[in-house]
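The structure appears below as C-alpha cells.
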Protein chains: 2
Amino acid sequence: MTIQLKDIAKQLNVSVSTVSKTINGTGRVGKETRERILAAIKESGYQPNEVARSLKRKSTRSLGVIVADISNSFYAKVIKGVEKVASANDYNVFVCNTDEKIGKEEEYVRVLLQNQVSGLVIATVGGDPKLFQPYINSGIPFVFIDNLPDTDDNFDLVTIDNVKASYTIAQHLVDQGHRKLALITGPLNQSTASERKKGFQKCLEDNGIPLQDEWIGVGEFKNESGYQIMTEWLKRDERPSALVAANDFLLYGAIKAIYEEGLRIPQDIAVACFDATDETGLLRPRITSIIQPAFEIGSIAAEIIMRKERNKERKLFEKIVLEPTLLMNESSLGVSGI
Amino acid sequence: MTIQLKDIAKQLNVSVSTVSKTINGTGRVGKETRERILAAIKESGYQPNEVARSLKRKSTRSLGVIVADISNSFYAKVIKGVEKVASANDYNVFVCNTDEKIGKEEEYVRVLLQNQVSGLVIATVGGDPKLFQPYINSGIPFVFIDNLPDTDDNFDLVTIDNVKASYTIAQHLVDQGHRKLALITGPLNQSTASERKKGFQKCLEDNGIPLQDEWIGVGEFKNESGYQIMTEWLKRDERPSALVAANDFLLYGAIKAIYEEGLRIPQDIAVACFDATDETGLLRPRITSIIQPAFEIGSIAAEIIMRKERNKERKLFEKIVLEPTLLMNESSLGVSGI
DNA sequence: GTGAAAGCGCTAACAA
DNA sequence: TTGTTAGCGCTTTCAC
C-alpha cells in the first residue's frame with residue numbers, strides 16, 4: 001500500500017487540500033504549515049499519483065512521439081529535438097515505435113490519446129486518414145512530420161519540400177554528366193516516397209531526359225528492398241549510371257547489390273540518397289545526400305504543441321517547411337557520367 | 001467536449017455500468033443490449049479515457065523503457081526486443097531517453113512510475129542507488145539491463161558477463177601478438193565501464209603483460225571522449241599497438257584521432273570494441289567487436305515483467321546472463337602484433 | 001440481466 | 001489561513 005495524500009494529511013492533522021496546495025504551490029498555506037508538510041513529504045518519500053492528478057487536471061504534461069523506426073538515425077534526431085523543447089517546458093516525452101506497421105501506428109495514436117498526452121508528434125506511415133480526423137477535431141495538437149497525412153489541411157506540419165529536395169539531388173547527378181538515372185523510393189502512399197519520385201521525374205523532364213519507368217523502383221524503406229530492386233536491375237542489358245535512393249537504408253541495400261555484381265561506386269554507378277548521416281566517420285564511400293534538419297524538425301514540432309497548449313483556443317494550423325542541405329560526397333563525384 | 005461513458009448510456013437509456021460491462025466483457029449483459037451498445041460505441045467513435053480506467057484499475061498495461069541514448073543502435077535493438085514481447089501481451093511501450101543525464105533518468109523513473117506503468121526496463125547511468133530502492137520495494141517490476149545498479153541484490157537483471165567479454169576481446173588481441181594494449185572505457189560508476197576495465201586488466205595480467213595505467217583511458221561513452229583520449233596518447237613517445245574500446249562511439253572517436261595522425265588500422269594500431277554493429281555494410285575497416293544479443297536482452301527483460309505481472313506475489317528476482325559473440329574482423333586481423 | 005452507488009487519488013471551489 | 005466537499009471518468013460490488 002503506497003502512501004498517499006490523505007496519509008500525510010492525517011499524520012499531520014491537516015486537511016488533504018492543504019497538503020495538495022503546498023505540493024502544487026497553489027492557494028495560500030501558512031509558512032509553518034507548509035514547512036511541516038514539505039518535511040513530512042520528503043521524509044515519507046511520498047510521490048503523487050500522476051494518474052489521479054491527470055484525471056483531475058485533464059492534462060498530463062507529456063507529449064507522444066510516434067515514429068516508424070526508432071533505429072533510423074533521422075528519427076532518433078527528431079526525437080531528441082522534441083525532447084529538448086519538451087524538457088525545457090517541463091513536459092515528458094513518450095516515444096512509440098511502429099515498425100512501419102499501420103496497425104501499430106493506429107494503436108499507439110489511440111493509446112497515447114487515451115492516456116491524454118497533451119500533444120502528438122507523428123511520422124505517419126499512411127494509416128487511414130479517417131483515423132486522425134476525429135482526434136484532430138478533438139483539439140489535441142497533432143503535428144505531422146516527415147510524411148503528410150492524406151487528409152484535408154486542418155493539421156500542423158513540419159517537413160521539408162521533398163519534391164524540391166529530390167529535384168536538387170537528381171540535378172546534381174545530371175550536372176555530373178549522368179543521363180541514365182534510376183530512383184528507388186518507398187511506399188507511394190507515403191508522401192515522402194511519392195514526392196521524392198515526383199521531384200526526380202520533374203528534374204529528368206526539365207533536362208530533356210526521357211522518363212524510363214523501369215528505372216523507378218518502389219519498395220519499403222528498408223535495406224532488403226534496395227537490395228532486391230538493384231539486383232533485379234543489374235541483371236538487365238542496360239544499367240543506370242546513377243542512382244537516387246529515397247532513404248539511406250534503401251541505398252545501403254542497393255550498394256550491396258552493386259558490389260556483389262563487381263561494380264564500382266561512383267565509376268560504374270554514382271549514388272546519392274536522403275538522410276545518410278555518418279556518425280562513425282568510417283563509411284566508404286562517403287555518401288552524397290540530402291540532409292534534413294532532423295533535430296530542428298523535432299524541436300519545432302514540439303514548439304508548436306507548446307504554443308497550442310498555452311493558447312488553447314488557437315485554432316490556427318501551422319505548416320512549417322524547412323530547408324535541407326545537399327552534402328556532396330565521393331559516392332557521386334569525381335567521375336563524369338556515362 | 002469528448003464523448004464519454006455516460007453519454008452513450010444516456011443515449012441508449014441504459015446505465016453506465018451496463019455500458020462499462022459490455023466494453024470490458026465483464027459481468028452479464030443481455031445479447032440485444034450488448035449489440036445496441038456496441039453499435040452506439042462504434043457509431044459515436046467513443047474512446048474510453050485510459051487515465052480514468054487506470055486510476056480505477058491501478059494498472060496501465062504498459063511498460064516503460066529508459067535508455068541512455070536512443071540513437072545508439074544497441075539500445076534501439078533492446079527497445080525492439082521489449083516491444084516485441086510487450087506487443088504480444090497487449091502491452092504498450094513508452095520509451096524515454098535520458099541522454100546519459102542522471103537527473104533525467106531520475107525524472108523519468110519517477111514519471112513512469114507515477115503514471116503507473118506495470119514495469120520498467122532500465123539501463124541506468126548510475127543514478128543514486130537510493131533512488132531505486134523505494135520503487136523496487138513497492139513491488140513494481142524493475143528490470144535492469146546493461147548497467148547494474150549500485151545497490152543490494154533485490155532487483156532483476158538481464159545482461160552479459162562484461163568482465164569475461166572484455167577478457168575475451170583483449171585475449172583476441174594478445175593472440176594476434178599484441179603486447180602493448182590500451183583501453184578506453186566509460187564512466188567507472190557504470191558497471192559496464194568498470195567491468196570491461198576489470199576484464200581487460202585481468203587478461204593482461206594472466207598473459208604476464210605489465211599493467212600500464214597510462215593506457216587506460218576513462219571518458220564518457222561518446223565519440224568526443226574517444227577522440228580526445230587517443231589524440232593525447234598519440235602525442236607520447238610510445239603508443240599502444242592495439243586498442244579496446246568499451247563501446248562503438250568511443251572507438252569511432254579514437255579512430256578519427258588515429259587517422260589524423262596518419263596511422264593505419266590494423267597495421268599501426270589494431271582496434272576492437274563492444275557493440276559495433278554495421279547496418280550499412282559500408283564501414284571500413286570492418287570492426288572486430290563483441291556483439292551483445294541486444295534484441296534478446298530487451299525481450300527477456302520484458303518477459304520477466306510479464307511473468308511478474310501474472311504472478312504478483314512472486315518475489316523472486318532473476319539474474320539472466322547472456323552470451324555475447326566475438327566478431328573478428330579486419331580492424332584487428334591480418335597483422336601480427338608489434 | 002440491469003442499475004445505483006461507492007470509490008480510485010487527487011484538485012479546486014467554496015465555506016468557514 | 002485552513003477545511004469540506006464535489007467531482008475528474010471509469011469499474012465493480014451488491015441489490016434488485
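Rounded to whole angstrom, the span from the CG atom of B:Leu5 across to the C1' atom of C:dG3 amounts to 13 Å. Protein atom CZ of A:Arg28 is 19 Å distant from nucleotide atom P of C:dA16, rounded to whole Å. D:dC8 atom P lies 13 Å from atom CG of B:Leu55, rounded to whole Å. As rounded to whole Å, 14 Å separates atom P of C:dT2 from atom CD1 of B:Ile8.
Within a heavy-atom distance below 4.0 Å of DNA chain C, the residues of residues 12-25 of chain B found are B:Asn13, B:Val14, B:Ser15, B:Ser17, B:Thr18, B:Lys21. Contacts between residues 33-43 of chain B and DNA chain C, counted as heavy-atom distances below 4.0 Å, involve B:Thr33. Heavy-atom distances under 4.0 Å link DNA chain D to B:Tyr46, B:Pro48, B:Asn49, B:Ala52, B:Arg53 of residues 46-53 of chain B, given in residue order.
With sequence neighbours left out, B:Glu296 forms a salt bridge (charged side-chain N to carboxylate O under 4.0 Å, His left out) with no residue at all. With sequence neighbours excluded, the residues satisfying side chain to side chain donor-acceptor pair (under 3.5 Å) with B:Thr18 are B:Ser15. Judged as a ring-ring contact (aromatic ring centres under 6.0 Å, His included), and not counting sequence neighbours, the contacts of B:Phe144 are B:Phe132, B:Phe142, B:Phe155. Residues passing the side chain to side chain donor-acceptor pair (under 3.5 Å) test with B:Asp99, sequence neighbours excluded: none. Residues satisfying the side chain to side chain contact (heavy atoms under 4.5 Å, CB included) test with B:Ala301, not counting sequence neighbours, are B:Val121, B:Val143, B:Ile145, B:Val158. For B:Lys42, the salt bridge (charged side-chain N to carboxylate O under 4.0 Å, His left out) criterion is met by no residue, not counting sequence neighbours. Partners of B:Ser54 under the side chain to side chain donor-acceptor pair (under 3.5 Å) rule, at least two apart in sequence or in another chain, do not exist in this structure.
Contact annotation: side chain of B:Lys56 to base of D:dG9, donor-acceptor pair absent below 3.5 Å.
Comparing the start and finish of the helix from C:dG1-D:dC16 to C:dA16-D:dT1, five pairs each, the helix axis swings through 40°, to the nearest 10 degrees.
The ring-ring contact (aromatic ring centres under 6.0 Å, His included) pairs that include a residue from residues 74-121 of chain B are A:Phe94-B:Phe94, where partners are two or more places apart or lie in different chains.
Between the side chain of A:Asn147 and the backbone N or O of A:Val125, no donor-acceptor pair lies under 3.5 Å.
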